[in-house]
A.B. asks: 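This is the structure I have questions about; it appears just below.
Excluded from the calculations below are hydrogen atoms, water molecules and symmetry mates; all remaining heavy atoms, backbone and side chain alike, are included.
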Amino acid sequence: MSNHAMVSASQFDPAQLTFRDLICHYGTGRVIHIDGRGASKQVQYRFGIQTEIGDFEVHEWMKLVRVLIERAGEEPLQQRLVELVEQEMPWLHRDFERQLEALELHARRIFENPEWVAYEKFNKEVAHECESKQ
């Protein structure tokens, strides 16, 4: 499949996908012609995420990553990533922006990278939360 092909989540079986398949390489955008010509032309803008397996509309990509998170039982990790984004990235004002950033970090498995600047702090806090819930 071409790396720049627009794809739909319905083309994939989520059970066959991995986080690596859904790593965000960069954001995409395309103007889509809706109707009309000339001055009466109607267009819409489509925001997307380019991954290894294609260019997904942002909301579809978010749903797929959430399915993988649920399948892996990693909802607590995702919640901690959202909290981290809220604390460390104050320029992200909207909840949607914070959720998107946290999902991008999750798909990238940032918490498994010992070179990540927040690696020790994040994993210590997650481990502590897991212990206190047992």
Side-chain angles (χ1 to χ4, degrees):
M1 186 170 293
S2 165
N3 272 357
H4 297 289
M6 289 195 314
V7 295
S8 169
S10 62
Q11 292 176 251
F12 299 93
D13 176 2
Q16 301 298 314
L17 293 175
T18 66
F19 286 109
R20 175 167 278 154
D21 293 329
L22 297 178
I23 288 174
C24 172
H25 294 298
Y26 52 87
T28 64
R30 295 183 183 193
V31 173
I32 300 177
H33 179 253
I34 303 298
D35 194 25
R37 295 176 152 276
S40 64
K41 185 176 184 179
Q42 295 177 346
V43 296
Q44 193 173 31
Y45 199 76
R46 175 200 176 272
F47 292 95
I49 301 281
Q50 181 65 48
T51 70
E52 283 295 312
I53 58 176
D55 178 5
F56 289 91
E57 191 277 328
V58 170
H59 292 284
E60 285 192 342
W61 177 85
M62 292 174 80
K63 286 178 191 174
L64 284 174
V65 175
R66 285 185 175 121
V67 167
L68 268 58
I69 290 168
E70 287 177 27
R71 186 176 75 199
E74 295 180 347
E75 294 94 333
L77 280 173
Q78 180 59 21
Q79 184 55 43
R80 280 296 298 129
L81 284 170
V82 170
E83 292 166 11
L84 177 88
V85 167
E86 288 171 352
Q87 294 166 3
E88 302 295 328
M89 299 178 179
W91 58 89
L92 299 176
H93 300 288
R94 297 179 16 229
D95 184 56
F96 173 80
E97 295 170 315
R98 293 186 295 264
Q99 293 288 327
L100 179 60
E101 181 68 25
L103 289 169
E104 286 182 28
L105 291 170
H106 202 121
R108 192 170 301 285
R109 313 292 295 168
I110 193 73
F111 45 83
E112 294 175 353
N113 182 350
E115 294 180 16
W116 178 38
V117 68
Y119 177 81
E120 286 185 34
K121 179 182 182 219
F122 182 85
N123 284 294
K124 184 186 280 188
E125 289 174 4
V126 169
H128 178 69
E129 287 176 17
C130 290
E131 288 171 7
S132 39
K133 288 182 182 178
Q134 292 179 355

A.B. asks: Is the backbone N or O of Thr18 less than 3.5 Å from a side-chain atom of Asp21, with the two atoms forming a donor-acceptor pair by type?
C.D. replies: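 Here the side-chain-to-backbone pair exists.
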
A.B. asks: Quick one, Val58 and Phe96 - any side-chain contact, counting heavy atoms below 4.5 Å?
C.D. replies: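 Heavy-atom side-chain distance check passes, below 4.5 Å.
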
A.B. asks: When the ring planes of His106 and Phe111 are compared, do they come out parallel, tilted or perpendicular, using 30° and 60° as the limits?
C.D. replies: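 Correct class here is perpendicular.
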
A.B. asks: Quick check: is Ile110 connected to Val85 through a chain of hydrophobic side chains (ILVMFWY, heavy atoms under 4.5 Å apart)?
C.D. replies: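 As far as the 4.5 Å side-chain criterion goes, Ile110 and Val85 are connected within one cluster.
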
A.B. asks: For the CG atom of Leu81 and the CZ atom of Arg108, what is their distance to the nearest 0.5 Å?
C.D. replies: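 Reported value, rounded in 0.5 Å steps: 12.5 Å.
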
A.B. asks: Can you tell me how far the OH atom of Tyr119 sits from the NZ atom of Lys124, to the nearest 0.5 Å?
C.D. replies: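 Answer rounded to 0.5 Å: 12.5 Å.
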
A.B. asks: Would you say Ile53 and Val7 make side-chain contact, with heavy atoms under 4.5 Å?
C.D. replies: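 With C-beta onward as the side chain, the pair stays apart.
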
A.B. asks: So if you build clusters from Ile, Leu, Val, Met, Phe, Trp, Tyr with side-chain heavy-atom gaps below 4.5 Å, do Leu77 and Val117 land together?
C.D. replies: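 As far as the 4.5 Å side-chain criterion goes, Val117 and Leu77 are connected within one cluster.
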
A.B. asks: Is it true that atom CZ of Arg20 has more than 12 heavy atoms of other residues, nucleotides or ligands lying nearer than 6.0 Å?
C.D. replies: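 Not more than 12 within 6.0 Å, no.
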
A.B. asks: Quick check: do Thr28 and Arg46 have side-chain heavy atoms less than 4.5 Å from each other?
C.D. replies: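 Yes. Closest side-chain heavy atoms under 4.5 Å.
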
A.B. asks: What is the distance from atom CD of Glu86 to atom CD of Gln99, rounded to the nearest 0.5 Å?
C.D. replies: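 Spacing of CD (Glu86) from CD (Gln99) equals 7.5 Å.
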
A.B. asks: Is there side-chain contact between Leu103 and Gln78, with heavy atoms separated by less than 4.5 Å?
C.D. replies: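 Side-chain contact under 4.5 Å: yes.
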
A.B. asks: I would like to know whether Trp116 and Lys121 meet side chain to side chain contact (heavy atoms under 4.5 Å, CB included); could you show each step before the answer?
C.D. replies: CA-CA 10 Å; Trp116 178 38; Lys121 179 182 182 219; over 6 Å; no

A.B. asks: Should Met89 and Arg98 count as side-chain neighbours, where that means a heavy-atom distance under 4.5 Å?
C.D. replies: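 No; the side chains remain at least 4.5 Å from each other.
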
A.B. asks: Please examine the side chains of Glu74 and Phe19, heavy atoms only from C-beta on, and report whether any two atoms are closer than 4.5 Å.
C.D. replies: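 Yes, their side chains come closer than 4.5 Å.
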
A.B. asks: Between Glu60 and Ala9 (side chain of the first, backbone of the second, donor and acceptor by atom type, cut-off under 3.5 Å), is there such a pair?
C.D. replies: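 It does hold such a pair.
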
A.B. asks: Do Ile23 and Glu52 come within less than 4.5 Å of each other through their side chains, counting heavy atoms only?
C.D. replies: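 Result no, sub-4.5 Å side-chain heavy-atom pair not found.
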
A.B. asks: Between Glu83 and Arg80, is there a side-chain N and carboxylate O pair less than 4.0 Å apart?
C.D. replies: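 Result for this pair is yes, salt bridge flagged.
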
A.B. asks: For a quick test of reading the model, state the closest non-hydrogen atom pair linking Arg71 to Leu17 and the distance between them.
C.D. replies: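 Between these two residues, the closest heavy atoms are NH2-O, 2.7 Å.
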
A.B. asks: Are more than 12 heavy atoms, taken from residues, nucleotides or ligands other than Glu112, located less than 6.0 Å from that residue's CD atom?
C.D. replies: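 Yes, because the 6.0 Å sphere around CD of Glu112 holds more than 12 heavy atoms from other groups.
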
A.B. asks: For the residue pair Glu101 and Glu88, establish whether any side-chain heavy-atom pair is separated by less than 4.5 Å.
C.D. replies: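 When only atoms from C-beta onward are counted, Glu88 and Glu101 do not touch, as no gap falls below 4.5 Å.
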
A.B. asks: Can you list the residues that meet the side-chain hydrogen bond (donor to acceptor under 3.5 Å, both in side chains) rule with Glu70, with sequence neighbours excluded?
C.D. replies: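 If we apply the side-chain hydrogen bond (donor to acceptor under 3.5 Å, both in side chains) test to Glu70, skipping adjacent residues, there are no hits.
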
A.B. asks: To the nearest 0.5 Å, what is the distance between CD1 (Ile69) and CG (Leu64)?
C.D. replies: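 With rounding to 0.5 Å, CD1 (Ile69) is 11.0 Å from CG (Leu64).
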
A.B. asks: What are the two closest non-hydrogen atoms of Leu22 and Thr51, and how far apart are they?
C.D. replies: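 Where Leu22 meets Thr51 most closely, the heavy atoms are O-CG2, 3.8 Å.
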
A.B. asks: Looking only at non-hydrogen atoms, find the nearest pair between Val67 and Pro14 and report the distance.
C.D. replies: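 The answer is CG1-CB, 3.7 Å.
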
A.B. asks: Using every non-hydrogen atom in the two residues, find where Ser8 and Phe12 come nearest and quote the distance to one decimal.
C.D. replies: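 Shortest heavy-atom contact: O-CD1, 3.5 Å.
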
